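Here's the structure, in structure tokens; my notes come after.
Remember, it's a predicted structure, so these values are computed and weren't measured experimentally. Atoms considered below: every heavy atom in the structure, side chains included; atoms not considered: hydrogens, waters and symmetry mates.
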Amino acid sequence: MADTQYILPNDIGVSSLDCREAFRLLSPTERLYAHHLSRAAWYGGLAVLLQTSPEAPYIYALLSRLFRAQDPDQLRQHALAEGLTEEEYQAFLVYAAGVYSNMGNYKSFGDTKFVPNLPKEKLERVILGSKAAQQQPEVRELWQICGELMFSLDPRLRHLGLGNEGVTTYFSGNCTMEDAKLAQGFLDSQNLSAYNTRLFKVVDQEGKSHYEVRLASVLNTDPALDSELTSKLKSYEFQGSHFRVTRGDYAPILQKVVEHLEKAKTYAANSHQEQMLAQYVESFTQGSIEAHKRGSRFWIQDKGPIVESYIGFIESYRDPFGSRGEFEGFVAMVNKAMSAKFERLVASAEQLLKELPWPPAFEKDKFLTPDFTSLDVLTFAGSGIPAGINIPNYDDLRQTEGFKNVSLGNVLAVAYATKREKLTFLEEEDKDLYIRWKGPSFDVQVGLHELLGHGSGKLFVQDEKGAFNFDQDTVINPETGEQIQSWYRSGETWDSKFSTIASSYEECRAESVGLYLCLNPQVLEIFGFEGADAEDVIYVNWLNMVRAGLLALEFYTPEAANWRQAHMQARFVILRVLLEAGEGLVTVTPTTGSDGRPDARVHLDRSKIRSVGKPALERFLRRLQVLKSTGDVVAGRALYEGYATVTDAPPECFLTLRDTVLLRKESRKLIVQPNTRLEGAEVQLVEYEASAAGLIRSFRERFPEDGPELEEVLTQLATADAQFWRDQVKETPAGQS
């Protein structure tokens, strides 16, 4: 059997998203709007399979055909007859649920491959003897294509990464980090965003590199009248290499997205929503990020909608270079009680921003009051579901137009709940307090992280006309005492400039803001906490961050000396900062558990949070912001990568502790989401049980009209590009059997 790092355990937690009451309160028109937005999101989410690994679309198609022919209970009878044990069949169900939940065979949180936890030859018997295989010859073909890769734990295939460090389908298999940097330079030179692109490289007989930058769009080579992109779709010479800009990536999938966005427009509540959807349609049709920005402007202006949504190529966490966006789409309904608390936080935001430890010149010229709502998620399509979101991610919009914050209440309610017996690395006397206050403290942290973490800070920019958005003569760098020496040039963004560390650095800054401002009594009062309760919320919030920093070691790869998850790297960095503060504020002590195996305990001295922890965090946070504002990549990397370094140096011995963390890790929960079904003119909510089988059933019923057609589309798209990864995967041994 495989190393436990690369399997999902049979007892993995599975929870269902509860949005029944919020959906019940929607009007018939709002339900129709939510339904078509959900359909658009689910269709678009299929693109993630093509953004993950070469084999992911084939695995998805194979599983979908298998469970369409026989539901999990029917297939169980066949599997047991073929000689599988109950445990082995459950392992297969968990694997299939994991593929659906992560939209691929790599964990969305950690970018680690997971494989079926049963012998390959047994699974092969189940698949080839199934009703699907008997009825459809292509099932055998799908198994022949993806069976080996499904199980392979070849070192290069264990994690997502670029070049020899992993596999990714954002780039062809022969691309390296140098190719990614060259391509980013080309994109910047043409004022093109990387968000909706992939990069494919071919080397000719003379050794010259030819790059295809492919934009995601419905349209392919056909020119469209008055398209702002038409002039960009051509060949270029750049720094001795040949670049060609094309479009049409994911075209059949995006066509489905566009169809349902058009239908949703009929049920929009106002002109902002209509114009927003029209621009999204333009963006996905043409391949235009500028159109998506225009849609995002209307989205920002759509204040306090009953049905909230966002869709597109959004987060760049899984691009090894940190610039390309993974497709995601969500649809949710407002939770009015918690939203009222967030509205009070927004009302206090301008005052709270003044508490942050950097000079006023490093803050936005004007705080653009955002929406901040607590939402109950109906649909979240993509590779995973976050706890909160601060979007859009476009720096120029965030600086001048504003943003929105959302906290996903029904996700928080189930995804982060922990049973006492599964609580690791805490002292016994902390466990009951932690269980009681983790949820409330996390609400506070998410609110501060999204609104005042991601929502704070200014980027110093020189535009295309040479004008600066700061006074070069008067603004002083508080770290050096000198005038500002660096800034962002026209076309440069935070992601393009800080690339591989951009996401993690920004998450670290936002988490630090949350820890720093949760010490403010005004903030705690907004959330209803005073006196001893407020002190407990502070303590558990800081304790949770310290523990998370230790748990983060699961997502560090010693062989490649890199991190696989931005948020967890950020939390480890904060742990290092607090350990460095000294005076016994935080300690991490190796121990032996009651089972005789290695264990560890984290200790946070609550009496020193304000006297020792706050000043240390203040210094660190100021440096983070100053280096971000000034675009000082060299110093920013030195600071951040210094803290993110994992060694076995005493006293903590983090590499040894990592082994302990892996020994005692708890897998991230799988989330079962409902479907919406149009019956006549009414939309029904269809819910499923919280189990691996329930999650599989939800996907079995997700595309009732065109499931086989979609699977055909996915495999055709994957096959059309398979040449770009053939050398990378052609001699891949099965990693287990």
Partners of F380 by ring-ring contact (aromatic ring centres under 6.0 Å, His included), sequence neighbours excluded?
F330
Tell me every residue that passes ring-ring contact (aromatic ring centres under 6.0 Å, His included) with F403, counting only those two or more places apart in sequence or in another chain.
none
State plainly whether the residues E274 and K265 are in salt-bridge range, i.e. N to O under 4.0 Å.
no
Please confirm whether the backbone N or O of Q286 pairs with a side-chain atom of R247, one donor and one acceptor, at under 3.5 Å?
yes
Is a side-chain N or O of S374 found less than 3.5 angstrom from the main chain of M338, in a donor-acceptor match?
no
Within 45 degrees of the axis of the six-membered ring of [Y] and under 6.0 Å from its centre: does [X] put its NZ or CZ there?
| X | Y | answer |
| --- | --- | --- |
| K293 | Y394 | yes |
| R702 | F699 | yes |
| R668 | F109 | yes |

Given S499 and Q184, is the side chain to side chain contact (heavy atoms under 4.5 Å, CB included) satisfied, shown in steps?
CA-CA 9 Å; S499 64; Q184 188 63 56; over 6 Å; no
So do the side chains of L215 and D249 get within less than 4.5 Å of each other, counting heavy atoms only?
no
Student check: side-chain heavy atoms of V377 and C19 closer than 4.5 Å:
no
Intermediate values then yes/no, side chain to side chain contact (heavy atoms under 4.5 Å, CB included), Q673 and L695:
CA-CA 7 Å; Q673 299 187 54; L695 201 157; over 6 Å; no
Using the side-chain contact (heavy atoms from CB on, under 4.5 Å) definition, which of the options R344, E343, E450 pairs with F372?
E450
Between atom NZ of K256 and atom CG of L46, what is the distance when rounded to the nearest 0.5 Å?
10.5 Å
